[in-house]
**Q** 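My questions will all concern the structure given below.
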Number of protein chains: 4
Amino acid sequence: MTDGRARRRVDTRQRLFEAAVELIAEQGFSATTVDDIAARAGVAKGTVYYNFASKTSLFEELLRHGIGLLTEQFRAAVAGLPPRPALAALVRAQLEYIRRYRAFAQLLLSEMWRTNREWQQTLRLLRAEAIGVIAETVRAGVDAGDLPADLDVQLASSALFGVGLVVAVDWLVFQPDRPVEDVQEALLAIVRRVAHT
Amino acid sequence: MTDGRARRRVDTRQRLFEAAVELIAEQGFSATTVDDIAARAGVAKGTVYYNFASKTSLFEELLRHGIGLLTEQFRAAVAGLPPRPALAALVRAQLEYIRRYRAFAQLLLSEMWRTNREWQQTLRLLRAEAIGVIAETVRAGVDAGDLPADLDVQLASSALFGVGLVVAVDWLVFQPDRPVEDVQEALLAIVRRVAHT
Amino acid sequence: MTDGRARRRVDTRQRLFEAAVELIAEQGFSATTVDDIAARAGVAKGTVYYNFASKTSLFEELLRHGIGLLTEQFRAAVAGLPPRPALAALVRAQLEYIRRYRAFAQLLLSEMWRTNREWQQTLRLLRAEAIGVIAETVRAGVDAGDLPADLDVQLASSALFGVGLVVAVDWLVFQPDRPVEDVQEALLAIVRRVAHT
Amino acid sequence: MTDGRARRRVDTRQRLFEAAVELIAEQGFSATTVDDIAARAGVAKGTVYYNFASKTSLFEELLRHGIGLLTEQFRAAVAGLPPRPALAALVRAQLEYIRRYRAFAQLLLSEMWRTNREWQQTLRLLRAEAIGVIAETVRAGVDAGDLPADLDVQLASSALFGVGLVVAVDWLVFQPDRPVEDVQEALLAIVRRVAHT
DNA sequence: TATGAATGAGAATTCATTCAT
DNA sequence: CATGAATGAATTCTCATTCAT
């Protein structure tokens, strides 16, 4: 039963998520304090601990949530499409996602290639899931002869993911005024060309 | 004969730089403590503060040093070359650099697209310098007709820089066993293709 | 019923004030550590920082609090009295205050005539407030013909304040066994005489 | 034999003394760093330790030097005078001294009534010496019937010393533009009156 | 006689976490 | 379900002192 209390709790968690993503995107995990998060979410500090076991687990849930969402979009994007259009759809989905959740994307870009952090394992797993969708598509492309037979599927997939991330975030951070279509076009052009090999 | 003391001091600073890059690359700036840095450099904690005004300014000098070096390599790489080969030389120089200073590259990837950090301004300036070299080359390519006339030079240059960085670091972190030549080839292939438009 | 928490916090601040005054009176501001203050107040070190922004601002609030109290006593002492008795009442009030808050008086004596400290500005303002009450009384005495017409009101007022402070503290520190009445008598005698000019 | 080296050392010590007095007068002993002192004296930090055993002993020597000088002036002032003029001469000598060595006077005012400091003992002894000269004069006045027979010689002497110090320093700090003669007059007036009892 | 790089103990400050309300 | 005062371990930074040159 969805009573008022339960709804309120969900709201609070959502607000905390949003506050945390923004702050961590801007400053990084360590530089963001629980006080900061509570303040931006407009709740008391104790409330953070009422809703999450620790700062780290808040962050891990955040990663899970954010990357889970991305993976879903990837799956939805490729559903039923042949390799070539599927690849283009993935690029579009990624940009769409980054545009919608820019702070999370920024955060991901900054944390993805770190080593030696507590949540490294979690992150690796989640990354594998998201890139997995790309890899399936690429493999299908190879199998269908749309992509070069000797293509390293793993390398190509992570490169594709990384390139999309860095180009999109760079655009958001350094040239936010340019229309997203430009970026999309540029990226699709690159992908198309590479795919033609 | 140069003063022994001055030499000693330069040595110490160098050791601190090296220790700091490695640690910050792995864990990030905030998660790296001054104690860690001192310990890895094999000096006392006070020595860090004798040589740098603060942890932040140590990091800023580090950025300055590292990006300065990269900019030099970029300049050396393009010196006297026509646009097309110059572009390829830049890609090679960047990979060369990342291979040689992998920790610094990793650190850069993590900090480059953050906002709201104390050294943001410094970083932006340095970034502009390094990408400036790329931009000059791209512009020359456009002027020479080697690159599409309507290419957005700024966007293309940052994208090129970012792509190189993310692909190379991804390779270093996730597939360190693959030969660097593969990565270099893949990148050059992309660049070549885009350039052919 | 008032919030128990708020009361607790006020208590803590009060305890910290008291601990700080004593320690700073004995050793001076710089020689007193935040650890000392917390220990004497019976709280954890973090509590000091939960209640005050910094050691300096704790001290500033302390000055404000202590001198504010003194100013109040001065005002209460002169209320409704004609100049001559008012002057005597001020001397008595100052001694009363110093006897009651000896540590604060000692601290004031040590800090009042320093220059170049962070809280100098605050101190000057507060000093002006307290001495202002004396000055009003002196001026009234001059206007009423009870004091010499050419008396420098400012100089006389600060001198009066300073003399009371130094004589009383000297007594507290070096001859604490002598009854306060002696000191009071001696001071009043001086003031009376000077006033007779 | 006064060769160049010895003279240089004396110079250095003198410069360090002066630098230290000024800084400690402004900020207090603990807040003044050895670095500060060396910098203001225009020598390297090591030089401080070449000339003095420690920061504390530099300060103790300073106290000894400064109060010794004051005691000498007191002795010279009263030499051969009968009680009443001797007392006036002491007041003049003190003001003279404070005008000449204002920083030292300020320092003394701030440290004189502290308790619990390392050099407390030294300070007490030196204080007793200086005030001793005043006490001798007061006693002579009492014996000669110039001062009330029941006067507490100790209390009166320290009060006299303290009053002179605080009034003069207050003038130096808060009204440095007023001519010293005003202050001298005011003080002498007080003393004269009290002496008339 | 003087220097200044290096030290490390200690001081100020921060912050994730707990817990009584 | 939420709060915010309190905590103390960890962190940044300071500074008197040492010592090789």
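Only a predicted model underlies this, so the values are computations on that prediction, with no experimental measurement involved.
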**Q** In this structure, how many angstroms lie between the P atom of E:dA6 and the CG atom of B:Asp11, rounded?
**A** 9 Å
**Q** To the nearest angstrom, how far is A:Leu16 atom CG from F:dA2 atom P?
**A** 9 Å
**Q** With side chains defined as the heavy atoms from C-beta onward, is the minimum distance between B:Val43 and B:Arg15 less than 4.5 Å?
**A**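 The answer is yes; the side chains approach within 4.5 Å.
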**Q** Taking atom CE of B:Met112 and atom OG of A:Ser110, what is their separation to the nearest 0.5 Å?
**A** 11.0 Å
**Q** Can a side chain N or O of C:Asn51 be found less than 4.0 Å away from OP1 or OP2 on F:dA6?
**A**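 Looking at the OP1 and OP2 atoms of F:dA6, one of them is under 4.0 Å from a side-chain N or O of C:Asn51.
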**Q** For E:dA2, does OP1 or OP2 lie under 4.0 Å from any side-chain N or O of D:Thr12?
**A**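 Yes, such a contact exists.
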**Q** Can you see whether B:Arg117 engages B:Thr56 through a side-chain donor-acceptor pair at a distance of less than 3.5 angstrom?
**A** no
**Q** Between A:Arg114 and B:Glu26, is there a salt bridge with N-O shorter than 4.0 Å?
**A** no
**Q** Hey, are C:Arg13 and C:Glu61 close enough for a salt bridge, meaning a charged N less than 4.0 Å from a carboxylate O?
**A** yes
**Q** Which part of the nucleic acid does C:Val48 contact within heavy-atom distance under 4.0 Å: base, sugar-phosphate only, or nothing?
**A**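 The answer is nothing, as C:Val48 stays clear of every strand by at least 4.0 Å.
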**Q** For A:Gln106 and B:Thr115, which I'm curious about, is there any donor-acceptor pair between the side chains at under 3.5 Å?
**A** yes
**Q** For DNA chain E, what are the stems built from at least three Watson-Crick or G-U pairs in a row, each pair having both distances below 3.5 Å?
**A**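 DNA chain E stems, ordered by first number: E:2-21 with F:2-21.
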**Q** I want to confirm an ordering. Mapping C:Thr47 and A:Ala44 to their closest nucleotides on DNA chain F, which one lands closer to the 5' end?
**A** A:Ala44
**Q** Applying salt bridge (charged side-chain N to carboxylate O under 4.0 Å, His left out) as the test, list every pair that has at least one member in residues 46-60 of chain D; sequence neighbours left out.
**A**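 For residues 46-60 of chain D, and leaving out neighbouring residues, the salt bridge (charged side-chain N to carboxylate O under 4.0 Å, His left out) pairs sorted by first residue read D:Glu60-D:Arg64.
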**Q** Any chance you could list the contact pattern along nucleotides 15-21 of chain E? Use B for base contacts, S for sugar-phosphate-only contacts and - for none, protein heavy atoms under 4.0 Å, 5' to 3'.
**A** SBBB-BB
**Q** Answer with yes or no after comparing the ring centroid distance for A:Phe59 and A:Phe17 against a 6.0 Å cut-off, counting only values under it.
**A**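 No, too far apart.
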**Q** Are C:Leu108 and C:Val169 close enough that some pair of their side-chain heavy atoms sits under 4.5 Å apart?
**A** no
**Q** Grab the CZ-P distance between C:Phe52 and E:dA12 for me, whole Å please.
**A**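 The distance from CZ of C:Phe52 to P of E:dA12 comes to 15 Å, rounded to the nearest Å.
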**Q** Given atom CG of D:Leu23 and atom C1' of F:dC15, what is their separation to the nearest angstrom?
**A** 15 Å
